[in-house]
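We name chains A, B, ... by the order of the sequence lines, and we start the count at 1 in each one.
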Amino acid sequence: MTQNTTPSPRPDSSGGDARGPQYRYNAQLADTIELKWQAWWDAHNTFVVKNPGEPGFDASRPKFYCLDMFPYPSGAGLHVGHPEGYTATDILCRFKRMKGCNVLHPMGYDAFGLPAEQYAIQTGVHPAITTKKSIETFRRQLKRFGFCYDWSREVATIDPEYYKWTQWIFLKLYSTWYDPAFQRRDGGVGSGRPITDLVGELERGVRGIGPSGEIVALESGNVLSGSAIGIRRWHELSDRERRAVIDDQRLAYIGEQTVNWCPKLGTVLANDEVIDGKSERGGYPVLRKPLRQWMFRITAYAQRLLDDLDTINWPSSTKTIQAEWIGRSEGAEIDFGIIDAPKGVEPFLRVYTTRPDTIFGATYMVVAPEHPLVEQTLRHPRPETNITALRAYVEQARNRSDIERQESKVKTGVFTGIHALNPATGQKIPVWTADYVLMGYGTGAIMAVPAHDERDYEFAKKFDLPIRDVIYPRLVEGMRYYTEHNRDHEQQPESWVSSLADFLGLLTTRNAGSEQFAAIMADVLRRRDEGESADSWEAAIDVLLSDAAAVSNRRGATKAIWLEAIEDLGLDDPADLRHRFENASFYAVSGNAYTGPGHAVNSAGNDVSLDGLGVDDAKQRITQWLDAQGIGNRKVNFKLRDWTFSRQRYWGEPFPIVFDAHGNHYPVSDAALPVRLPELSDYAPIESEDPLPLLGKARDWMNTTAGAAGVSPDALPPSTPVTRETNTMPGSAGSSWYFLRYCDAHNSDRFISREAESYWMDGGVDFYIGGSEHAVGHLLYSRFWHKVLYDLGEVSSREPFAKLFHQGLITSFSYQRADKTLCPNDQVDEVSEGVYIERATGAKLSPVVAKMSKSLKNVVNPDDVIAEFGADTFRLYEMYMGPLEQSKPWNPRDIAGCFRFLQRAWRLCVDEETGNLRATETTSPDLEKLLHRMIHKVGADIERLAFNTAIATMIEFVNAGTSATPTLTRHQIGRFALCLAPFAPHLCEELWSKLGHATSIANEPWPSVDDSLLRDDSVELPVQIAGKVRARVTVAANATEETIRAAALADEKVIAFLADKSVQKVIIVPGKMVNIVAK
RNA sequence: GGCCCCGUGGCGAAACUGGCAGACGCAUGGGACUUAAAAUCCCUUGUCCCGCAAGGGACGUGUGGGUUCGAUUCCCACCGGGGCCACCA
């Protein structure tokens, strides 16, 4: 064990002690037993599971597909976090096998990726070599834990026989388009379809191409009228145009998009690989850069990825994270006319907004610096354009990294010199550019409504743009909004405001005071009706809020309280006052944008008026109007962006794509897969401002012919010179489908056979466990690929993972100095019980929980723990630490407790001197009863993944068995071993064989439980008097309420307690308790 | 800043649907065995108070309120810790 990982010296109960009886359960014995059974399992293929159609497959059993997130094999080997999830699934799988399931429990390695490449660069050893070595280490360690994986199904993403199919799936996506109107086989609308279908439909004239390249459906009799409104047909297009149309529809496409570019790593990164503007690996700065990259059209699946979250059993937090990442919002797209548009620019500017109801408040517009309008304006400036400033701003915005953007959220921007027309007000409004508007979302342009959007408000204040209020909240709405936002305020209270403060006091104390309230309300309403200025209203509200602390415990209930207070008045006509009160409105403007609910004001134009409508109604009305004018429509938008799939590095899957001299791309035919990763001796990244894929260094590989690359001769003549795609796929490629490959790991004809798929993947993976850090990466990408494969009929389930679970992080102890910095554990001394000092300074330190890290020297190496206690103890400890989903600190002191438990369990069953079984002929009924209860509870606890309490139950049983005479019979030892076997499989195999069995305990059925032994004949019920337990009565388990009542009231202590009281009520919960209410 | 999760002994925790708070383990103190130590086994241990003792009482699940016969559990607010997102119009 690593030194000083514990708050105190190592326990003396170390398993390494070889003294004592010859057959005592110690580290040596554990080691012997464990290695023996691991070899036995391997030799007997104990955990190899058959596929449908194979000899020995039992179709009558239900299937259980249990999946661990496969590890990324690093040079450091397993850390203690890996076996936590792996042990949990191992227990579950062993249990399910005993319960009669066909269990698929596979393991593999996610071995392509940046860390391996960087490690190789550091060490100068080729990543293929270091990765293979890491895999061997991982495999050896995993086997040493005795996990019941079916090793015959092991896969590694770097194996050409594996990535052949990764490339094949890529080509599937490449040759698929999304038809949003297609009826799916699951009844939904919208589906991925083979791109050949699209070509066929275009050729037949069922579809045409719209003005901006979009695919449109043409009714058969309507073809001519279609062409009349700018729709072109397939036969009208040149080959080049046809190719462009088709390439535009592919789910895998080359897109010119703003991507995350990391110069230091020399590659682009996906959105989930960028954390706080820095690369997830290495923490290097990431820039936004428009680049031509392979992209996946995951956005086509956004709605389905969102909707189907409802159909899967995942942690709700993970579902929420995915839903927020997908980021659906409803709003409208609106075209604003551009006045005197520059050449080459459409005469309108399209914006997206979720608040079309505020259009009358749109006093200016903003476009992203990357917006085409800006570029055109620089080329053809208007008189008011300040070219120098505009150009400088665009330059600066481009070079600003994400971190810089995030660090200073101060609004910046420049007027473009362009003006647009607000279609609702008919007013001329300026168009600005600013980097708070993002090109990647919506249309890259907004209508700015400073009165009702915080960002627009900030911008308008800074650049002195007009602010127009168009939403007033009703008094109640406003109160709630302001209370919740707890605004700052500066105004001095007006004279009459003190009456409102009184009102506040009234609300707080809730003492009637109806006359006072009525007077206040009348005063308030009079002032409103007499047209008091907005300022006085506002100030009143602000004062109210300044006393918000007094009503802090009523926050959120504000409206209810106000209304209740009105009801309490007992006025002649409270309904009228209440009505007036609710419908009073006030101005919101006070150093802030008002984004809460309310109704439209100042919103009447020549053609349309929204005045008086609530926000929702106003949205509907204005959208209808815009639609009728032909300048707007309802629109749903998503935050989700298409998935950047190219990486400019070496250690990844090559794309099965080549380019001809014109830059057209062609797929490598299936028969020519895999496209093997070429050997490279120099794979250091090229640090640059522009992407330079490393595979470009493999000249002979890159430059080839269509025939040699395996492009279909129908697409290109074999002798055509082509260059291969030199980007590689990201790490998430191989992990997006590995769970499918396990089902049929050695199939060379298909990525998975249909039989294996429909059996194992029926309803998806039954149980999937892994860390929550993959919530928006792997777990979203896998769902996307799976849905595409589903649409194409390649898989039968809509979702890959039916049930998902996240294990908690295993942390460690570290030591904190007075200044809150952490002191590495190897520089800490424990001078007395619980007192720690830093060796160098002698300063006191306090123990704290911290993440395991090399620098803190608090990393625990699983190999050391196994050497000291054995794998069974290790497994047991990690499961006993606490709830699986919780993060919990590793405390070596506690391991001894689990070790001692196994030792006692062993001693209970085996004579430590002779090694023989020490079963008794008879046993006590109590022990038998306890055994049944244990079996029942352990089974139930495994099902609900409460391994810690299952273990506690077994400890209780062993403790009871140890102190009982006679102890356990052979039959009881057998059933106890069966129960413990999922947790400590090696020890239990040994017990099982000592009982005379020649077969593995792993294939035995789970012991049965006699339900009658789970119930007691009589129960002891606590008797509470006024909520405190004062006595206990013992009654028959099936006693009626009357019997229980009589027994409770007859109890001596109860009588004594009730001596000077009278019984008001007796509450009886049969089997639970009695509560006597007395005065 | 927004959203989500979590706060129970000296420590890890248990209490599954609102019904005996602290199972089980660690650590602690005491004892048995031993020449001694280790290992092992037994007992003790939420806090405070009364009692020589047996025993008894009060308080107690981050804080303050609420609902209920009854709250670790449900509701509201606050405090503390962790996670995710963060100019998405």
Side-chain angles (χ1 to χ4, degrees), chain A residues 7-8 11-14 17 19-21 24 26 276 315-318 320-321 324-325 327 329 331 351-355 358 366 405-406 409 411 434-438 440-443 445-449 453-456 458-459 549 551-557 637-641 772-773 775-776 809 833-834 847 849 877 880-883 885-898 900-901 903-904 907 912 940-941 944 946 948-949 951-956 959 962-963 1020-1024 1026-1029 1032 1064-1067 1069 1071-1078:
Chain A
S8 79
D12 294 327
S13 54
S14 159
D17 184 4
R19 286 165 291 187
R24 170 159 293 172
N26 58 25
D276 292 338
S316 59
S317 59
T318 307
T320 306
I321 290 170
E324 285 174 356
W325 186 264
S329 71
V351 302
Y352 173 72
T353 177
T354 54
R355 292 295 302 273
T358 61
V366 185
R405 280 189 182 219
Q406 279 166 18
K409 282 197 175 168
K411 296 282 179 292
D435 68 0
Y436 82 92
V437 172
L438 309 174
Y441 184 76
T443 61
I446 61 157
M447 64 175 208
V449 185
D453 181 282
E454 279 159 27
R455 299 150 300 184
D456 296 343
E458 215 181 303
F459 193 81
V551 281
S552 62
N553 63 340
R554 297 183 188 276
R555 241 192 229 183
N637 248 326
F638 296 92
K639 287 188 201 171
L640 185 69
R641 312 290 159 82
S772 55
E773 67 273 18
V776 290
L809 195 69
E833 181 69 33
V849 170
Y877 171 61
Y880 190 60
M881 287 171 83
E885 68 276 15
Q886 219 170 76
S887 148
K888 34 203 181 257
W890 181 274
N891 187 351
R893 238 195 277 238
D894 292 343
I895 304 172
C898 291
R900 286 204 281 257
F901 161 60
Q903 205 168 47
R904 281 202 304 279
R907 191 182 302 120
E912 290 189 326
D941 281 355
R944 66 185 184 101
N948 51 337
T949 51
I951 294 167
T953 308
M954 291 188 282
I955 294 174
E956 282 182 85
N959 290 347
T962 301
S963 54
E1020 191 189 66
L1021 299 183
V1023 181
Q1024 298 182 350
K1028 289 191 165 50
V1029 179
R1032 288 163 200 286
Q1064 309 277 306
K1065 200 173 174 186
V1066 180
I1067 290 131
V1069 185
K1072 292 282 186 190
M1073 46 71 68
V1074 179
N1075 192 5
I1076 299 169
V1077 187

Check your understanding: Does C20(B) have OP1 or OP2 sitting under 4.0 Å from an N or O in the side chain of Gln1024(A)?
Key -> no
Exercise for review: May I ask you to verify if any side-chain N or O of Ser316(A) is less than 4.0 angstrom from the OP1 or OP2 atom of C4(B)?
Suggested key: no
Practice item. Please state whether the base of C26(B) and the side chain of Asp894(A) form at least one donor-acceptor pair under 3.5 Å? Key: no
Exercise for review: Searching all strands shown, indicate the nucleotide that pairs with U63(B) (Watson-Crick or G-U wobble; both distances under 3.5 Å).
Suggested key: A77(B)
Practice item. Could you state the atom-to-atom distance from CG of Leu640(A) to P of A86(B) in whole Å? Key: 13 Å
Check your understanding: Taking NZ from Lys1072(A) and P from A15(B), how many angstroms apart are they, rounded to a whole number?
Key -> 13 Å
Study note, to complete from the structure: By the Watson-Crick or G-U definition, both distances under 3.5 Å, C84(B) is matched with G2(B)
Exercise for review: Nearest whole angstrom, please: distance from the C1' of A13(B) to the CD1 of Ile955(A).
Suggested key: 12 Å
Review point. Between Tyr436(A) and Lys411(A), is there a cation-pi geometry (under 6.0 Å to ring centre, at most 45° from the normal)?
Key: yes
Review point. Any side-chain N or O of Arg900(A) less than 4.0 Å from the OP1 or OP2 oxygen of A27(B)?
Key: yes
**Study point:** Polar pair under 3.5 Å, donor/acceptor by atom type, side chain Lys411(A), base C87(B)
**Key:** yes
Review point. Tell me: CG of Asn891(A) to P of A27(B), nearest whole Å?
Key: 9 Å
Practice item. Whole angstrom is fine here: how far is it from CD in Gln903(A) over to C1' in A38(B)? Key: 13 Å
**Study point:** Any Met1073(A) side-chain heavy atom under 4.5 Å of Leu1021(A) side chain
**Key:** no
Review point. For the pair made of CG in Asn948(A) and C1' in C26(B), what is the distance, rounded to whole Å?
Key: 15 Å
Practice item. Give a yes or no on whether a donor-acceptor pair under 3.5 Å exists between the nucleobase atoms of C20(B), that is its base, and the side chain of Arg1032(A). Key: yes
Check your understanding: Looking only at side-chain N and O atoms, does Lys1028(A) come under 4.0 Å of OP1 or OP2 in C20(B)?
Key -> no
Check your understanding: Within the structure, does a side-chain N or O atom of Gln886(A) lie under 4.0 Å from either OP1 or OP2 of A13(B)?
Key -> yes
Point to revise | side-chain N/O Tyr441(A) vs A89(B) OP1/OP2, d < 4.0 Å | key: yes
Practice item. Respond yes when some side-chain nitrogen or oxygen of Arg24(A) is under 4.0 Å from OP1 or OP2 of U40(B), and no when none is. Key: no
**Study point:** Assigned glycosidic conformation for G9(B) [threshold 90° from 0]
**Key:** syn
